Structure formats: structure tokens, C-alpha cells
Amino acid sequence: MNFDLTEERQMLQDTLRRYLSDKYDTETRNKIIDSEEGMSAEIWAELAELGVIGALFTEDQGGFGGFGFDVSTVFEELGRAGVVEPFLDTAVLGGGLIARLGDDSQKELVEEVIGGSLHIALAHGEPVSRYDLSHVETTAKSSGDDIVLNGRKSVVVNAEAAGQLIVSARESGDVADKDGISLFLVPVDAAGLTMRGYPLFAGGRAAEVTLDEVKIPASARLGEAGKGFAALTDVIAVADVALAAEALGAMDTAVELTRDYLTQRKQFGRPIGSFQALAHRYSDLLIEMEQARSAVINAAGHLETADAARQNASTRNLIGRVGRLVAEESIQMHGGIAMTKEYELAHIAKRIVMCDHRFGDIDYHLERFIELSAA
Amino acid sequence: MNFDLTEERQMLQDTLRRYLSDKYDTETRNKIIDSEEGMSAEIWAELAELGVIGALFTEDQGGFGGFGFDVSTVFEELGRAGVVEPFLDTAVLGGGLIARLGDDSQKELVEEVIGGSLHIALAHGEPVSRYDLSHVETTAKSSGDDIVLNGRKSVVVNAEAAGQLIVSARESGDVADKDGISLFLVPVDAAGLTMRGYPLFAGGRAAEVTLDEVKIPASARLGEAGKGFAALTDVIAVADVALAAEALGAMDTAVELTRDYLTQRKQFGRPIGSFQALAHRYSDLLIEMEQARSAVINAAGHLETADAARQNASTRNLIGRVGRLVAEESIQMHGGIAMTKEYELAHIAKRIVMCDHRFGDIDYHLERFIELSAA
Amino acid sequence: MDLNYTEEEIAFRDEVRAFLDEKLPKELSDKVAARDHLGKEDMERWHAILNEKGWLAPNWPKKFGGAEWNAVQKHIFEEETARANAPRIVPFGLSMLAPVLQAFGSKEQQDYYLPRILSGEDWWCQGYSEPGAGSDLASLKTRAVRDGDHYIVNGQKTWTTLGQYANKIFCLVRTDPDVKQQEGISFLLIDMDTPGIEVRPIILLDGVHEVNEVFFDDVKVPVENLVGEENKGWTYAKYLLTHERTNIAGVGYSQAGLESVKRIARAERANGKPLIENPQFAARLANVEIDLMAMATSNMRIISKAAAGQAPGVESSMLKVKGTIIRQEINDLARRAVGPYAMPFPSETVEGDNDPIGPDYAAPVSAAYFNNRKLSIFGGSNEIQRGIIAKVKMGG
Amino acid sequence: MDLNYTEEEIAFRDEVRAFLDEKLPKELSDKVAARDHLGKEDMERWHAILNEKGWLAPNWPKKFGGAEWNAVQKHIFEEETARANAPRIVPFGLSMLAPVLQAFGSKEQQDYYLPRILSGEDWWCQGYSEPGAGSDLASLKTRAVRDGDHYIVNGQKTWTTLGQYANKIFCLVRTDPDVKQQEGISFLLIDMDTPGIEVRPIILLDGVHEVNEVFFDDVKVPVENLVGEENKGWTYAKYLLTHERTNIAGVGYSQAGLESVKRIARAERANGKPLIENPQFAARLANVEIDLMAMATSNMRIISKAAAGQAPGVESSMLKVKGTIIRQEINDLARRAVGPYAMPFPSETVEGDNDPIGPDYAAPVSAAYFNNRKLSIFGGSNEIQRGIIAKVKMGG
């Protein structure tokens, strides 16, 4: 039993935390959010150079990490600083799928991802699929050596910046079958592919993607035909760890900002943290933060085990619950100032809450936990 | 719109409150609880004389009340004093069923009930029926002019004191069918009827009742054969109002005891209620008490309407939730003293929580509410 | 006890409904239903329609041009307008300043300002809060120094709602710095066009410009703009806080919000079924609906008391707390209900394209969730309310 | 990071399991599993078995006859004994008095008392709380006045757990009334047979005799029964409160409790299906299981720190609060799970008939629900813990 980070991960954490606290202050970050691209190419390149992306891939894949605790270490720091750059999309989801399924030539893209020169987006969710991973209405039909894609993909995070989209489409089976889903690498400039981009509530950008008779070669398929679901599940399990860790980091910031506010802000001549009602509610936040920290450790520590899915469901449910509490209570204890856009907590609270809308919310993960526990 | 009690109900409330606060103090009540009978015949007779039972029956039935607000007025006061005497069982359930279904000769029993000379118990629940009202395994088979009952009835409150049991038994249909359930008046000394009595956690007594080839005349049937379910539902709707009002009265006492404790008990030289964390939690109790009071008004005010079932489900869910909060928080804010048997709050808290175990708990009523709202 | 309206009350309700059917412009109610932000013209339009009908000022005595309704009538009006998705009436002049002027203002002030409030000629905003004085109003610092027949005002106000539209502001200012904190405060009426006033927007976390900072730099205010007596302003402000608790529970808004969540949950699907049939979601929905049913009755109990002439006591603080909890819970359910479509930011940067991203009901939910955190913060935070409740109930 | 036990730790766990398999009497584990109340003999029996094995005193240094385990070993032992439904060890002598004697007692006191604790010859109880001093121990009033080679003790202690079985009591008494409240307190060892001591039962709300009041009326205590120095007793008591936080989270008890609730919920039926498949009940169960999974890891994190020699800080207060919330929630689920069969009072008044009313798992649930409200009250209430946490974390 050992709860210390390895030396390498500790170094990565220290480096990241120092870099982000130097370079990624509220004003810089808010400018990035308001920019047309919704991210900073410079920050992206520098973080890639610091090894942030490499840490998310195993040595076999060309990186130097890739285990649960690598993912949680990186994303906790990204979360702490409220980073809006799409590491989850390009690296964990995009790069992760190619590294798992790609043939040798496709795998060359992973090198570009790790180097920071290529963005990828996963175009999987659809207008009515909600959190149901196997719900794919987009179709892929063979036509000679080509494949023709038709369908709509919704809230495709990072689509505009991506050089390639990974599009899930159904080659066989019913609309919610796990079998029959294939994954395809589709260049964003493919004819018939259109996107309508927009900013996201918690920073970054996404797009609604329409595929209208998009023709791609069969060689653009990632892995076997109709067998994409397992790999999707695998990378989304990693994404679960990443999202939970990101939320944890952000929650840490929220609680620290709250402590500073409680000890510095005075009312009726006393620091407001000396009022017992607020002091006890602050204690409750700290108690729940210990729970959240342990939950992330559980998810990260079980990612490579048979219990990963159940642990992930458990962790994301808990993080979602505690996250909402932390976001709401931090805002409430701050009062009006937390309602203003330029105050750090406003963005941090949005990041925390919006984590609950990717790959399942509290209720989705609770039901998944119940199902997996019964199995 | 008018939220004042009528003059008659106001008088009844005043009379009852005065009588109970004079006669039914903690020590008296705790002696009653520890007694072999689990109730006081003297208190019963005096309350009957004050009109408590008559207020639960309509003029047609021989009483002078019987509407939702009569029931809530009476039971709120019984709850406030933590009364353990079985008015719910003898009057609302027992008397209520006979008044609704009985023929002229059976109805004479209602007079005895109102006069205070007859106890009745409803023997309906069974070992595996939980809160499912239509689950009846006990059988009734005709045998010439007689009917033969076989089965087991569980937690039959007030069975030992009762002169007559009202036994539900199935004459036709499947085990959970609403059709096919009949109700029978069975004298407690009927051959083949045995009971094993025991005290209840929150005062009063109940019994496990076994019916082994119990032979009764067909004239002991209440109402039509196989059509007992509707009347059962009706009296249990009244019982829902009664239980909610009883819990409300008890909650009022719990909150008042808590206020007294918070203002009188000192720690570190100050009344503990001056500590803000407790003060705010106390405020939350008061806020929820307003909710609870309104919920009881809703249930009582809709008892005679088509919306009664949904309003009752809503009210009992809310009362169950607030009741648990009030019981637990009152104990917690008191500390150790509330853990001792002779302190008033201990009994009051038990009454509140145990209301959640009669005719459905929080979850049962929530599901019922969802079902009725969808309909 | 009788939970139903009287015949007179039902007749009044029908009259309100008929009026709304006829006079509430569909463009406005559509915007409100979709939770779109209303522009200044939208608000002024509805203001004028109500004024024409004589229903703009339910609280005002008839002699000032008000409707002088009783508490039940006011409640019916609020309930029906909320259900019909009518715009909210901007309260600063009508409900916040006017009662103070009617009670404490001079005849000249009443004659001049009250008709201009009704006509919409003046748009008032409120200058109470300051950066260092939120719930702790008594510690405010904006100074007004008498100089001949003027006051010279210096200082800063904040959280000034819709101050960007206002041509007038009513302010609490400190006129005597040497007395105990709550004394020495005066109530001043100030023209926003006076030199030395600057309004700066505060952008809220949902990206919306709703509140402002207002800076005063040697602003000259004629002494006849003082309301009542000098140094008694705190009394007038408190009068407002205790007497003007219209629609504090927000029952109508919660009912409309709940209906909206139900519509969303019938349209959304989870695991191949309508979301509204999902047991966890249905339970969340039922819990808040049950809470709301009880609170609606609490609200009616207070209204019924008020109609009978009893002043509402600490019950309004209780309703405020519970009302905000329920509204915020409904906002949370709406956000939850739309799933991934809660993520887009419905900004005007979606260039020239007014179609919503995803289903149209999804667009406002995240902004509403975050924006409505303010309900438990502004207007006397829930912590302040809990303190008041405990003090009153334990003070005995 | 490694969430798994080392090989050595696994070997130790296997050893503990083998011991429990062999030595834990089935009569005892059955009683614990059924939540029956254990009698004095039951507790003494298990005490003797552990003593024979040398595992009675995990915390004690070897030189005093203890096992001197590290934090991980202690945790494994606690976890395994909880899962095996072993009785709890009565902690007053072993875990509460002994560390104080070992740190501050005289050689004579150590030589005399420690072996008698191990052998079971002495049964100690604790005399800290008083009617006017609960969480506020420093305000205690029981007086000890020096009179030659004795103290004369007068006063009253309360909440004395299992005092009815004890032959000894360790007490905090006031020896100097003229100094600041926390000074002037001494730590005395008192023989319960001394004339002037009276023990009166306190019956708890579940009908159980678990705690007592202890009255002292001119009780003569030899001065050699003073531990450490006069007027330093508060230091010794605090030493205990901060150093002795064994098993504060109660993870093992919660895990056993949760398993028990699941067994009940598989057996009970609601709407024709096992209760465990009811969506509302399943959600309640899942929420608490998820909380417990996280807390178990928090617990291991602290244990791992302690094994590495770091003193547990305010984290133990956090675990105490969360641990009690989880245990109480599990108790609530058990009560809820049994439905109407939560109503019977499982008293011995069910004359001569030892069959339970209803299913056997139903008998203890209501009593356990109410009795365990004490978890958040005694041993430093959750309010006290929250105050400590805030002070430490905001004091910065």
C-alpha cells in the first residue's frame, strides 16, 4: 500500500503546476476563452513540450506514461488552472483511439499528436444519443473501395481545430447495438462534411457536424469493421478518469478561493469565516474533498483492472455530486463577486459543473454502478 | 380561500391540547408505554368523552366531523403529545370500515366505538406484503353458510385490545389482485384464531395473528364479496391524513423542545443557540416545518376530492422526509440527553420515524406520486 | 379551512386571463418562454400596456393611480402573468422607490415622480450595495456633503441592476460619518445625467450584462432631492425591505419552470425511453414538485393573512429561502435534462445564425442555472434570512 | 501509488483470518451478526481469547505485553475482525487508560494496573463527562480535595459506558478551582467499591442499559492513585483524545452493515420484485456504497501516513464526521428495508418466546437506527469536529 506519486509523476505535477500558475492566470485564460479559436496555440505547444501529451500515452504508443495515475496527475493540474485547451479530445480520445486501433501508417498520427502538431476530435455523440454510447444512427455504406458516411454528430468538441475527425458510424445492426459500429478517420476538408462551430459554456469550442455522402477510402477505417465499440469504451474509461481528475483539480481551486475569501473578507468587523455557520459549511466542503480525492485515486488505480468500469461509475457519480456541492457552495459563500465573469471562481465553477455533461451525468453513472454491481 | 379552522374545530383543538398537556405528561405516558396493556383505559374513556372519536365520524355515521380537517385537527394534537392510544386503529381504520361497509346490525358497532367501549384492529398486512395493499394471501372459502379463513396477518396494531378484528381475505383472484379481497368481522375469541402480542417500538402494542380454519358466518362479511379493496383504500387515505398530521404534531413538539434547549443550555458561557451553525440549522427546521404544515393542509383539504390519492402521496413523502430531518436534527442539537428514554424527545422522535413504517414509507409514496402524476 | 378561491376571486382571475389573452403580445411571451433576454423596448412595451389598463401598480393606493389590490388579487395577478409568460415588471421605480415616496416623500416629490414612473418617462435603478457593503448595508461609504443648496456625492455603488437603461437612481448615502453605523445615512434621488456619474458594466458569469457599477465623482445633487429627513435614510430603506416582499416565493416562476422541465423530459430520451420515465430523473422531479406543492400553500397562507390585514412576519424569510432552493433545484433539473446539449454557449458569436444549437429548449438552461445562483445571494442572502429567522424565533 | 497490500501485509491478513476461523466462537459471531446485545461474559470471553494469542493490545509497546503493530497491521486486524463479526474489544482500559499510564503513570502504577487490564481482572470505565460538561469538558465540576494522604471526591459523572460492569474508574476531577478552566484538573484512578460511590443506570431510547451516572459522595481516594502531576490532568486527557483515534472511520462496521442491508434487500420484496431491484432503494444503496468506497480509501491514506510515522492531523476529524454519516445512513437503510417489521419492539417482554417477530434480520434495525444516533454525538460531536477542521484549515 502506497499513496505517494512516483518520482516521475511528482516531477510532472510540479512542472505543470509551476508552468500553469506562471502562465495561465485568470486574465490570460479569459482572453483565450473569448478568442476566435477558443484556445492558445502557444500554450498548447509549450505544454506539449513539457510532456503533458506524452504522459498520456504508454511507451509502446510512443509516450512515457499512459497509466491511470499519469492521466489523473495531468488532468488534476489542468483542472486546477481551469485549462480550456482540448487535451481530452486530441490526446485521450483521438490519440487514444488511433494508438489502440490504428495500423502502422495511421499510428504515425499519434506521433504528431504527442508532438503537439495535430488536433483530433471524436465525432461520436448524436442529436438524440444523449449519454448512450451504443446509440449510433450515422451510417457507413461500402461503395466499391470507398465508404460513404451519412449522419449528424453533435457537440463535437474541438472539431474546428482538428485535422482529422474520428467518426463513429454503423455498418450493421440496430440503432443501439454495440456490434456494428466502426470508426473512421475523416479529414475535416472531406467533401460533404460541414460543421457549424460554436463556443462552449465552460470555454473551448465544439461543432455540430453533418456528413452528407462523405466518401472516404476503406483504409480510413480504424480497426475492424463493426468492432469499434470496445475501443470506444476503453478510451472513454480513460476519459472518465481524466474528467474526474480535472474536476477534482478545479474543485481544489474553488475551495482554496473560498478559504481565501472567508479569511480575508470582513463583515460586521470580522472575517466572515469566523461566523460559525460558514465555518461548518466550509468544513463540510473539506470533508467531501477528501472523498473526492479518494474517489479519483480509486478510479485511476483501477483503470488497468477488471473492476475499472464499476470504479469509474462510482467515481464519476461521487465527483458529480461533490462537484455540484463545491461549485454551488463556493459561489454562495463568496456572494456577488463569484457571479462576475472576471473572477476566477466563475470559470472554475463552470468547468466543474460541465464535467457532469460529458460521457454521463450523476444519474447515468449511478445507474451504471448499480448495473455493474449486480452483475 | 381561508386557512382558519372553523369555530368547532378550533374548540376541539383547544380542548384536546389543554387536556393532553394537563394529563399526558412524559412520566404518565412512559408508564403507559411500559404497562402490560400498552395503553390507558382511563385516558381512552376521557378522550372519547371529549369527542375525539366522534370527531372522526360524519354525522351520517353517528359522529360530528369526519372530514379531512377534523382528522388532521385531532391527530395533530395526539401527535403533539405523543399519544400511544390506538385511535387510528380503532376509529379511523376499524370504525371507518364498518361505517362504510356495514349493514345496519354491523353498524351498531360504530356506536360502541364512538362511545369508547369497543376496540377494533385491522388485520390486513401479511408477512410478505410490505406496503402493497392488494397483496392478500389469506384465503376465505365458503363452506355452507359459513366462511373458513386461513392465513397469517402481521403487525396487527391493537389486536390484543380489540373485541373484533377486521380480517382481509381473498375469495378470488391472484395474490396481488385488487379484485377478490373481502373483509370480515372476526371476534378475537374465534376458534382457530391465535395471536402473539408484543410491544411496539414507539409505544402501543401489536400482534402476529394466525388464522387456522377459523369458521365464521357469512353474515360476518363487511360489504360485498371480493369488493373490499375500494373501502380499504378509502380508510387508508384517511389514515394517511391522520399519520401525516400526527407526525406534524410530534415534529412541532420536537422543534419546540429543541428551541427550549438551544436557548437554555449553555456551553462556553453562552446559550448554544447563539452559535450560528446551530442557529442556521434550527432555521432550516423551521422552514421545513412550514412545508410540513402546508403539506398536511393539502392532504386534509383534498381528502374529499378526486385528487386525494396524489395529494396524500405527496404529503406523506414530504412529511416522511421532513420528519426524519426533524427527528435526527433535534436529537443531534440536543446531544446526549435526547438519547435517554425518559426525555420527552426520545419518544417523540420514535413516533415521528415510525409513522414512516405505516402504509408506506417515503419511497413508496414517491413512486405512488409519480404514478398518479403520470396518469 | 378552504383551499379554494371565492367566487369574486375566480371572477377576478378570469378577468386577468382575458386581459392576458387579448393584450399580451405573443412576441413577448415567446421570448419569456424561451428564456431569451428581453431588451429595453420589450420591457417598456409591456409596462405601457399595463399602464393603459391601470394594472401597472397593484400596490399603489388609488389616489396615486394604483390598483390598490388586496394580497389575494396581487397573488392571482402574479400567478397568471407568470403562467402566461408575461415579462416581469421592472420593480425599481414601481415597487421599491414609489412606496418610500408615498410614505416619506414630499408632496412635490410625489406629484413629480410618481406619474413619471407610471408613464415610463423615468427608469429608476437602485443605489444601495457597495463593494464593501453587501448584506451589511449599514457599513456603506458613499458620502454626500451638504454644500449650500446641493449635496456633493462621492463614492461607488455596485450590483446596480439594469442601471444601463436608467435615467434616475435612488441612493443610500452617508451624510454623517460620526454617528453609529446605521444612523447618518440619507436617501437621495439622483439624475443619472448629472456630470460626474459613470456607469460601468459588470458581465456576469453567463456572459450577460445585467448589473453595473456606478461611480460618483463630485456629483452635485439639489437638496430638494433628499427624501424625508437627513440621516433617516436607513429607516426608509428598512421600511422597504420589510414591507415590500411581493412574490418573494416565486411560486409562479417555479411552476412555469417545472412545466418547462417536464416538457424537456418528455422530449429527451434516455436508454430508449422518455427521460421522464427514468426512475432517477422522475424521483428528482417528483421531490421538487412535492416541495413546490407545499410551498404554494405556504404562500397562500401568508397571502391570506396579509389580505386579512396581518403583517407578514418572519414567514417571508422562510419563503424566500425555500423559494430560492426550489427555483435553483428546477434550474439544475433543466440543465441535467438536456444532457450534452447543456455544453454549448448560446452566444451571438454563432455568427448570423439564429437557429439554436440542438433542441431549442436547451439553449438557455446552463446560463439560467448559473445566473440563478444569484437568487440565494442578492436581496438579502439566504444566510441573512436564516439569521433573521433564528433571531426572531429564539428571541421569543 | 499502489492500492494493494504488500506481500507481508497479505501474509499478516491471512494469519489473522486463520486465527479468527479457528478461535472466534460461533456463538459470539452469531450474536454480533444478529446485533444481539452481548453480555459481560461474552465480552470477557473474547478478551481472554485475544489475550492468550497476545493480540489483545495492538497499540501497546511490547515491553508492556502489547503487539506493537504498525498502522496497517492494526487496520487489517480491525477490518478482519469486523468482517468476521468478532465482538468489539471494550476500549476503556486497553485503549484509553493504558496509553496514559504508559506515558505518564508511575512505574508502580504501570506494574500494577497494566497486567490486570490484560488479564481482565480489572474492568475500567471512564469518568470524563458531567451533566454540565459534555463537549465542553473543561468546565467540569467534580471536586477532589486533598486531605492528608487521600483525596476526598464529590460530584457526578455521566454517560459512563458499561459502568455497571466496572470495578475501576478513571476520572477527571477538579483539584484547583481558582485557576483558568482547563488548568486545575487532575487524573485520578478510583476503585468502584470505595464507599460513597453510587452507579445509576441510564436507559437509552432503545430501551438498553449501556450508560450510567456515577455519583461520588465523600469518596476517599489514596493519593498514590493520582496519575502524573496534580492539576495536569487535562494534558493527559488531551493526549488521549489526539493520539488515540483507532478505527475512527468505522470502515469495517460500515462494510459489514452494508452487506447486511443488501442481504435484507435481497430477501424483502416490493411490488413483486426483490427490494434491491427497486430503483429508489437501489439508488440509496448505491449512493452510500459509493461514499463508503471513497472513505475506505481515505482511511487507507491516513493509515499509510501513520505507518510511515506521520501523525494524523485534522484528517481524523474529517473521517469521524463522514464515517458517522455513512454508518447512520446505513442504519437508516436497514430500518427502511424491513418495512412494517421495523415497528415491533424486540423486548424480552415477548414472554418466554425467543423467536423473532417477523424475519430475524428485522429485530434489531430500529433499535440500531436510534442507538447509533449517538455516533455523531459522543466522542467529540460532529459539530465539535467541524469546528476543529475549520479552525485548523482557516487558521492557516
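The shown structure was predicted, so the numbers you read here are calculated from the model rather than taken from an experiment. In what follows, every chain begins at residue 1, and chains take the letters A, B, ... in the order their sequences are listed.
Neither the backbone nor the side chain of C:N382 comes within less than 4.5 Å of any heavy atom in chain B. Neither the backbone nor the side chain of C:E277 comes within contact range of chain B; no heavy atom of the residue lies under 4.5 Å from a heavy atom of that chain. With a threshold of 4.5 angstrom between heavy atoms, B:R281 does not approach chain C through any atom at all. Within the 4.5 angstrom heavy-atom criterion, no atom of B:Q276 approaches chain C. Looking at B:I370, only its side chain comes within 4.5 Å of chain C, counting heavy atoms on both sides. Interface remark: B:D4 contributes backbone atoms only to the contact with chain C (heavy atom separation under 4.5 Å). Of the atoms belonging to B:D284, it is side-chain heavy atoms, and not backbone ones, that fall under 4.5 Å from chain C.
Interface remark: of the candidates C:I290, C:V72, C:L319, C:I290 forms the most heavy-atom pairs closer than 4.5 Å to chain B. Listed options C:K305, C:E289, C:K262, C:E315 were ranked by heavy-atom pairs under 4.5 angstrom with chain B; first place goes to C:E289. When each of C:N287, C:L285, C:I389 is checked for heavy-atom pairs under 4.5 Å with chain B, C:N287 comes out on top. Contacts with chain B were tallied for C:A294, C:S304, C:A390, C:P279; C:A294 has the most, counting heavy-atom pairs under 4.5 Å. Interface remark: of the candidates B:A313, B:A295, B:G273, B:G273 forms the most heavy-atom pairs closer than 4.5 Å to chain C.
Stacking of B:R316 on the aromatic ring of B:F359 is not recorded, the 6.0 Å distance cut-off and the 45° axial limit not both being met. In this structure, C:R301 forms no cation-pi arrangement with B:F3, as its terminal cationic atom is not both closer than 6.0 Å to the ring centre and no more than 45° off the ring axis.
Counted within 6.0 Å of CG on B:N2, heavy atoms from surrounding residues, nucleotides or ligands total more than 12; the atom is thus considered enclosed. The environment of CD in B:Q264 is crowded: more than 12 heavy-atom neighbours from other residues, nucleotides or ligands sit within 6.0 Å. For CD of C:E259, the number of neighbouring non-hydrogen atoms (other residues, nucleotides, ligands) closer than 6.0 Å is greater than 12.
Using modelled atom types, one side-chain atom of B:S330 and one backbone atom of B:V326 make a donor-acceptor pair closer than 3.5 Å.
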Q) Step by step, would you call B:H334 with B:Y343 a ring-ring contact (aromatic ring centres under 6.0 Å, His included)? A) CA-CA 11 Å; B:H334 272 81; B:Y343 188 67; 5.2 Å; yes
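When B:N298, B:N317, B:D240, B:L243 are each tested for a side-chain contact (heavy atoms from CB on, under 4.5 Å) with B:N312, only one passes: B:D240.
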